[in-house]
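For reference, the structure is listed below as structure tokens.
Chain naming here is simple, since letters A, B, ... match the order of the sequence lines and numbering starts at 1 in each.
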2 protein chains.
Amino acid sequence: MATIREVARAAGVSTATVSRVFSNSPLVSADTAERVLKSAQQLDYWPNSAARSLSTHRTHTIGIMLPDLFGEFYSDLMRGLDREASLHEYQILLSSSHSGGSDVLAASRAMLGRIDGLIMLAPDEKSIDTVERVRRRVPVVLLNPRQPVEGCHSVEVANYDGARRVVEYLLELGHRDLAFVAGPEGNVDAEERRRGFRESLQVAGLDPDQALELPGDFREIAGVEASTVILARHPRPTVVFAANDAMAIGLQSALHRAGCRVPQDISVVGFDNVAMAGYLNPPLTTVNVDACGLGREAVRMMLDVLRASEESAQIRRVIPAALKIRESCSAVEALRAGHKSNSN
Amino acid sequence: MATIREVARAAGVSTATVSRVFSNSPLVSADTAERVLKSAQQLDYWPNSAARSLSTHRTHTIGIMLPDLFGEFYSDLMRGLDREASLHEYQILLSSSHSGGSDVLAASRAMLGRIDGLIMLAPDEKSIDTVERVRRRVPVVLLNPRQPVEGCHSVEVANYDGARRVVEYLLELGHRDLAFVAGPEGNVDAEERRRGFRESLQVAGLDPDQALELPGDFREIAGVEASTVILARHPRPTVVFAANDAMAIGLQSALHRAGCRVPQDISVVGFDNVAMAGYLNPPLTTVNVDACGLGREAVRMMLDVLRASEESAQIRRVIPAALKIRESCSAVEALRAGHKSNSN
DNA sequence: TTGTACGCGTTATCAC
DNA sequence: GTGATAACGCGTACAA
């Protein structure tokens, strides 16, 4: 409520001096500083950040733009972004839940003048020109971009690699008849994981089109639904690779209910390594995705850009995705033996 | 980059007119509007929000201040806040991961001038005077406050009620020897749930101090650790009430590993009803906490306050917490029978 | 070391 | 309908 002028008058100094005090400028004597601080406290004064940033062209705020995500990936990502930002005393202006397209443009325009840079997740094709427009005003860091954008740095999760590692592992275990539960269409992570799945089969001399591929949306229920198809299938696939852990969990639960044992009767793999994955029964073999690290890196990259005086070359950083082997997959021979004793 | 002045010059009008066009004022003729819009597009102009809010005293932004939370509660809460905010075209200025105390004061000061109102979670005692200070400048809505604060509305989860319902249900099932895995100290939700647990026992004529109470921190591993104590205990409690689902999950997993069946040998209850709770083995009986609804209500309340011309009476809204009965609890007689046949 | 005065980009109040 | 111009609250050359 009180402005810098009132404080200045109360302390018997100029507004410039008050401003200096609140910017920790060394160009002010100790006792004037004290006097100013005292008046400020009495008036319950604190600088208005909006006015400040209008004048300095600095907001100390990073804009974050996300699509509508659910579950642990979202919270881990946000935690990474948030922690690193507040560690450096930056604030976060968040705009998620947008559906892409003109939405994104409007939202980023509303951020204009209120952010120093923008971190953005998964622009679909339509969002790309929005990105390029935003990029003319503030630096942009892309998360898991579908394709590189001129002048934007990016941080990515090695979805494709992770999926390839899963399939290689399964092939080593002797599996040849794999099923895949896909993620939502249009989702980059989902598509990259699917691509990894298919190309690994191809490389191994198997026909990806022969593999059973079920639709999914990254939610538990999709795994449940997939289970009925899988159980009905003859011959039954020896392993199911779910494009994320949530679906793997739904799947495992449904298989268990149907009396189908994991991994004795069928193997299951997930993707993400959510906190609960290790506590399932059996503990889930999956791919570790460091969503928190993804966010952290994005913020670091942004801060580097903001600190840098000149524009640096486009940087692309990849967060590795390592296989996390637990107990939900068995070798196919063990599985066959299990089948026999089961159908006995 | 281009300012309102440049657009005005290019279009041959005054800045006032440009401003009117971008505020959708009816006081401007169709063809001047068109001319302005064309010039704006050519110059790639868009109003600077910081300058705008300096002048209007409106930011169209809600500040959100959270402690360092983990897991699904956080992501659900954020989703609720975010969705409702963007539904009304409000942005969110987020500052979480703070540890309380002077931190909170600094963070809220940094928001000053950039938010229309502040939604804040779980101020500890120390944060209270910060809240009261912020409250003089912008409206404040409290989430799960430890105690009401003069002039602040609040939205709360019925933690206490939920815990009481759990215990009442367990008593009905015949349980008399209950164990409790607590949440982190200083956490309001944790404390309210614990209070509900203890008072329910008291009301039923049981001594709360006789009940086994184990420490926890809301993470899966705490449930695992609790399991060893519980399994070693003689006589063994017939049911374990974990203060949240994550710990219940760790607990159930560890019990299973130890060869202890749920609910035949021991019953388990959680709190939160996370997405996975229904897919556990056995599906977890828990309390449904609508974190998303909590966030939604908080934003609605804030928007109401912002729309209202006068200050309304202090409103306190409670989000109910309903028991969600699944399969992880059995009647104590069944349990005894199970024990016998087990130790046979 | 301190003060004066202008600029940051916009809206709001008048007058025309 | 439209245009000057004074706020809005602060930072910062420049002068003193």
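- Residues R135(A) and C152(A) come closest through the heavy atom pair CG-SG, 3.7 Å.
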Quiz item: Can you check side-chain hydrogen bond (donor to acceptor under 3.5 Å, both in side chains) on R114(B) and T61(A), steps first, answer last?
Solution: CA-CA 11 Å; R114(B) 306 155 57 82; T61(A) 303; 2.2 Å; yes

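- The minimum heavy-atom distance between N144(A) and V157(A), with the atom names listed, is OD1-N, 2.8 Å.
- Side-chain atoms of T32(A) and S29(A) form a donor-acceptor pair, as typed in the model, at a separation below 3.5 Å.
- Contact of the Q91(A) side chain with the L94(B) side chain is not registered, since no non-hydrogen atoms from C-beta on lie closer than 4.5 Å.
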Quiz item: Reading nucleotides 4-14 of chain D 5' to 3', which nucleotides get B (base under 4.0 Å from a protein heavy atom), which S (sugar-phosphate only), which -?
Solution: BB--BBBBBB-

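- Take D68(B) and apply the side-chain contact (heavy atoms from CB on, under 4.5 Å) test, not counting sequence neighbours, and it matches R79(A), R83(A), S97(B).
- Salt bridge status for R9(B) with E6(B): absent, with no side-chain N to carboxylate O gap under 4.0 Å.
- When rounded to the nearest whole Å, the span between CZ of R9(B) and P of dT10(C) equals 13 Å.
- For the contact set between residues 26-43 of chain A and DNA chain C, defined by any heavy atom under 4.0 Å, the members are L27(A), V28(A), S29(A), T32(A).
- F73(A) has its ring centre no less than 6.0 Å from the ring centre of F218(A).
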